[in-house]
Amino acid sequence: MRLKLARSALLGWLALSAPVLAEDTAVAEAVQGYMDFATYEQGIILPQQIDAEVFAAATFIDTRDAAQFAQGHIAGARHIEWREVPARLGELPQSGMVIFYCNTGSLSAQATFAARLLGHENVLVLQSGYTGWQETAAYKP
């Protein structure tokens with residue numbers, strides 16, 4: 001009896017904690033639409049591609065936590081932690097190149113994806129992140 005009760009409780013908990021699939025398919029369609037037309041290179045930039053001209057024209061957004069930002073960042077970068085990007089889209093320039101970066105590019109890639117889905121097509125992720133920037137940047141001020 002206890003085993004049956006525990007099993008029922010577990011199944012109930014799993015059912016309640018499972019992700020809820022939206023009846024509205026707008027989000028799913030937006031994601032699919034973006035992924036259908038995105039090229040492999042779309043939305044990324046390599047440190048080797050950022051020369052002095054690109055650097056001067058770009059806005060850099062450091063998406064790491066505040067402590068990492070304080071330890072060192074790309075000169076002139078603004079700080080917006082990756083998970084705050086959707087709520088702070090109003091702080092991003094509407095035009096010009098906006099480059100998100102974290103340590104390796106994985107968290108900033110999520111921020112870039114979210115910003116692009118929310119209408120900011122001018123955002124890119126720095127592939128290989130701050131680590132790659134330090135190792136292989138074409139230009140460092």
Side-chain angles (χ1 to χ4, degrees), residues 2-141:
R2 287 179 127 173
L3 183 58
K4 226 178 198 186
L5 183 59
R7 187 178 306 147
S8 294
L10 177 61
L11 289 174
W13 178 80
L14 287 172
L16 291 174
S17 65
V20 177
L21 298 177
E23 294 290 327
D24 181 9
T25 59
V27 173
E29 288 174 358
V31 171
Q32 189 63 54
Y34 174 81
M35 294 180 88
D36 282 346
F37 295 102
T39 64
Y40 182 73
E41 295 83 16
Q42 185 175 356
I44 67 168
I45 192 164
L46 301 170
Q48 301 90 328
Q49 295 174 299
I50 303 173
D51 59 17
E53 185 178 335
V54 172
F55 184 87
T59 299
F60 289 89
I61 305 294
D62 188 320
T63 63
R64 301 173 300 158
D65 66 37
Q68 291 173 321
F69 180 78
Q71 288 177 353
H73 54 271
I74 294 173
R78 299 181 196 172
H79 180 249
I80 301 176
E81 192 169 339
W82 70 275
R83 64 186 80 191
E84 296 174 355
V85 167
R88 296 177 60 185
L89 285 175
E91 297 176 36
L92 302 178
Q94 292 291 330
S95 61
M97 186 184 316
V98 178
I99 301 173
F100 289 145
Y101 71 92
C102 59
N103 284 320
T104 62
S106 60
L107 294 177
S108 53
Q110 292 179 50
T112 301
F113 183 65
R116 284 179 159 269
L117 284 176
L118 294 169
H120 284 264
E121 294 183 17
N122 62 326
V123 297
L124 302 168
V125 62
L126 179 59
Q127 191 166 357
S128 72
Y130 188 60
T131 301
W133 168 267
Q134 291 175 309
E135 295 170 359
T136 63
Y139 174 77
K140 293 181 194 172

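Side-chain atoms are counted along with the backbone in the values below, which use heavy atoms only and exclude waters and symmetry mates.
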Using side-chain hydrogen bond (donor to acceptor under 3.5 Å, both in side chains) as the criterion, list what pairs up with Gln48, not counting sequence neighbours. none

Stepwise, does the side chain to side chain contact (heavy atoms under 4.5 Å, CB included) test hold for Val123 with Val85? CA-CA 11 Å; Val123 297; Val85 167; over 6 Å; no

Grab the two heavy atoms, one from Asp62 and one from His79, that are nearest each other, plus how far apart they are. O-CD2, 3.4 Å

Please determine whether the number of non-hydrogen atoms from other residues, nucleotides or ligands lying under 6.0 Å from atom CD of Glu84 exceeds 12. yes

Listed partners of His120 passing ring pair (Phe, Tyr, Trp, His ring centres under 6.0 Å), at least two apart: none

Applying side-chain hydrogen bond (donor to acceptor under 3.5 Å, both in side chains), name anything that partners Gln49, two or more places apart in sequence or on another chain. none

Would you mind reporting whether Lys140 and Phe55 have side-chain heavy atoms less than 4.5 Å apart? no

Correct closest heavy-atom pair for Pro86 and Ala114 would be CG-CB, 4.1 Å

Are Ile61 and Val98 packed together at the side-chain level, in the sense that at least one heavy-atom pair is separated by less than 4.5 angstrom? yes

Answer yes or no: is there a donor N or O on one side and an acceptor on the other, between the side chain of Asn122 and the main chain of Pro93, under 3.5 Å? yes

Where Leu89 and Ala115 come nearest, the two heavy atoms and their spacing: CD2-CB, 3.8 Å

Side-chain contact, heavy-atom cut-off 4.5 Å: Gln134 with Ile74? no

4.5 Å side-chain heavy-atom contact, Tyr101 and His73: yes

In Å, rounded to the nearest 0.5 Å, how long is the span from CE of Met97 to CD1 of Ile50? 7.5 Å

Roughly how far apart are Thr112 OG1 and Gln110 CD, rounded to 0.5 Å? 10.0 Å

For Thr63 versus Ala111, what's the shortest heavy-atom pair and its separation? CG2-CB, 4.4 Å

Approximate separation, where rounding is to 0.5 Å, of Asp65 CG and Leu107 CG: 10.0 Å

Taking every non-hydrogen atom, the tightest pair across Val125 and Ser108: CG2-OG, 3.2 Å

List the atom of Leu126, the atom of Ile99, and the distance in Å for their closest heavy-atom pair. CB-CG2, 3.8 Å

Check for a donor-acceptor pair, side chain of Arg64 on one end and backbone N or O of Tyr130 on the other, with a separation under 3.5 Å. no

